[in-house]
Amino acid sequence: MSFSQKILNWYSENKRSLPWRSTRDPYKIWLSEIILQQTRVVQGEPYYLKFIENFPNVQDLANASEERVLKLWQGLGYYSRARNLHATAKIVVNEYDGRFPNSYNELLKLKGVGDYTASAIASICFDEPQPVVDGNVYRVLARHFGVAIPINSTKGIKYFKRLATEVMGRKNIRDYNQGIMEFGAIQCAPKKPYCLLCPLNESCVALEKNLVQTLPIKENKTKVRKRNFNYLVWLDPNNKTILNQRRGKGIWQNLWEFPLLESENQLNEKEVRKELKEMVSGDDSFRLLSYNESLIVHKLSHQHLYTRFWIIESNVELENGISLEDLDSYPVPVLISDFIKAFKNSYF
DNA sequence: AACTCGGGGAA
DNA sequence: TTCCCAGAGTT
């Protein structure tokens, strides 16, 4: 029996029941694929359900505000996915008459749709024989065929795409693609796969050579940048506060946060007070207190944010202050939403 | 080719 | 802690 046939057989017996498995609607498949980029199924599934409920079709998504899209995306990370999702919805509505392109090559032109996602949509919705190559597929192929080329090298990316094309089998590409990913996620898991019961164990090169724990090979370790954040949580006599929207490049683009003082070294109370006096032009009729005793370390994959929240009780009314109830309507990073939640429970 | 972009779950 | 997740865009 061929490699692809064994995958198909395994899939038919072991596939999870997932909400996007029962449709060929390109909108829904596209949405699910964007959500699942670098994201576990269990984490993405509730977001998929929320998005379908709020935006049943691409027109609804295109007509929404970016604020609303980002708010629904809040907590999922990689927020450029949400911005590109929204932008692509508008393009599909305005330039494609509301219909998604139906081929790999055309899908590839959409924002946020790369090789993997174009292959996924083309195969699942339109039966086009394009193999998906995601993290699961890299692992399955590297192990089963004993490939030691780094999966994140230019050479590796080309090699595995070619290998995936050779072994895919073209008759049921829709189930095969989902099957090999599911197989990688459940059977050929990253750590401690249970090879004894694997339907492909007789032909697995990594198992034969005792390389299951070694493959796939990945090079480059991301170095972590350390940053010091001081968030200024204003509270005026009406308990209103201030949020700013992050613009430009960097993390959390277009999300909201409290006014931020970023510094080379962590600031103490005296230094924060000095900065504040300049901001309010000499007026020092405010109370300043540190909310968190020890620093909060918010860890992103390539940045560690050493964070302190400062509460500033001011006697001056803020002009465009935001009430604490309204804070929840803004899309904010998890670091901020965690604080808001704790703050509301503890401070009043 | 290397870097940037989140957050969370599992071992 | 470390690894990695149905990757893509930018430099």
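A note on names: the letters A, B, ... follow the listed sequences, proteins ahead of strands, and every chain is numbered from 1. Quantities reported herein were computed from a predicted structural model and do not represent experimental measurements.
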Quick check: on DNA chain B, is the nucleotide nearest A/Glu219 upstream (toward 5') of the one nearest A/Gln253, or the reverse? Name the residue that is more 5'. A/Glu219
Phosphate-side-chain proximity, A/Lys299 and C/dT1, N/O vs OP1/OP2 below 4.0 Å: yes
Atom-to-atom span, CD1 of A/Ile35 to P of B/dG6 - whole angstrom: 16 Å
Once you apply a heavy-atom cut-off of 4.0 Å, does A/Gly75 come out as touching a base, just sugar-phosphate, or nothing? sugar-phosphate
Kindly say if A/Gln38 contacts the phosphate of C/dC5, meaning a side-chain N or O under 4.0 Å from OP1 or OP2. no
Please determine if a side-chain N or O atom of A/His302 lies less than 4.0 Å away from the OP1 or OP2 oxygen of B/dC5. yes
Between A/Lys192 (NZ) and C/dC3 (C1'), how many Å, whole number? 14 Å
Answer with base, sugar-phosphate or nothing: what part of the nucleic acid does A/Val132 contact at a heavy-atom distance below 4.0 Å? nothing
Is any side-chain N or O of A/Ser301 closer than 4.0 Å to OP1 or OP2 of B/dG7? no
Of the candidate nucleotides C/dA6, B/dG7, C/dG7, which contains the atom at the shortest distance from the side chain of A/Leu300? B/dG7
Within the structure shown, what part of the strands sits under 4.0 Å from A/Trp20 by heavy-atom distance: base, sugar-phosphate, or nothing? base
Measure CG/A/Leu107 against P/C/dA8 and give the value in whole Å, please. 12 Å
C/dA6 to B/dA11 separation - P atoms, rounded to the nearest Å: 14 Å
Using a 3.5 Å distance criterion without hydrogens, assess whether the side chain of A/Asn172 forms a donor-acceptor pair with backbone atoms of A/Tyr176. no
With heavy atoms under 4.0 Å as the rule, sort A/Asn177 into base, sugar-phosphate or nothing. nothing
A/Lys191 side chain near C/dT2 phosphate (N/O to OP1/OP2, under 4.0 Å): no
Picking from C/dA6, B/dC5, B/dG7, the nucleotide nearest the side-chain atoms of A/Ile251 would be B/dC5
Are any side-chain N or O atoms of A/Lys90 and backbone N or O atoms of A/Ala62, one a donor and one an acceptor, separated by less than 3.5 Å? yes
For a quick check of understanding: with a heavy-atom distance under 4.0 Å over all strands, which category does A/Val113 fall into, base, sugar-phosphate or nothing? sugar-phosphate
Could you measure the distance from the CD1 atom of A/Ile251 to the OG atom of A/Ser80? Nearest 0.5 Å is fine. 13.0 Å
Separation of atom CZ in A/Arg225 from atom P in B/dC5, rounded to whole Å: 7 Å
Can you identify which nucleotide, out of C/dC4, C/dA8, C/dA6, has its nearest atom closest to the A/Lys218 side chain? C/dC4
Distance check: side-chain N/O of A/His298 vs OP1/OP2 of B/dG7, anything under 4.0 Å? yes
Between A/Val42 and A/Gly250, whichever has its closest DNA chain B nucleotide further toward 5' is A/Gly250
Between the base of B/dG6 and the side chain of A/Tyr78, is there any donor-acceptor pair under 3.5 Å? yes
Can you identify which nucleotide, out of C/dA8, C/dT11, B/dG6, has its nearest atom closest to the A/Lys249 side chain? C/dT11
Roughly, in whole Å, what's the span from CG in A/Asp338 to C1' in B/dG6? 13 Å
On DNA chain C, nearest-nucleotide positions of A/Leu108 versus A/Leu18: which is more 5'? A/Leu18
Phosphate oxygens OP1/OP2 of B/dT4: is one of them under 4.0 Å from a side-chain N or O of A/Trp252? no
Among C/dC5, C/dA6, C/dG7, which nucleotide has an atom closest to any side-chain atom of A/Arg139? C/dC5
Please state the C1' separation for the pair B/dG6 and C/dC4 - nearest whole angstrom. 13 Å
Tell me whether the centres of the aromatic rings in A/Phe183 and A/Tyr11 are closer together than 6.0 Å. no
Side-chain donor-acceptor contact under 3.5 Å, A/Asn54 with A/Arg68: yes
Measuring from A/Trp234:CH2 to A/Ser314:OG, what's the distance to the nearest 0.5 Å? 5.5 Å
What is the distance, to the nearest angstrom, from the CG atom on A/Leu36 to the P atom on B/dG8? 16 Å
Starting at atom CD1 of A/Ile124, determine the distance to atom P of C/dA6, rounded to an integer number of angstrom. 13 Å
Just checking A/Thr117: base, sugar-phosphate only, or nothing, at a heavy-atom cut-off of under 4.0 Å? sugar-phosphate
Distance check needed: B/dG6 P versus A/Tyr79 OH, whole Å only. 7 Å
Answer with yes or no after comparing the ring centroid distance for A/Phe55 and A/Tyr27 against a 6.0 Å cut-off, counting only values under it. no
For A/Arg81 and B/dG6, is the shortest distance between a side-chain N/O and OP1 or OP2 below 4.0 Å? no
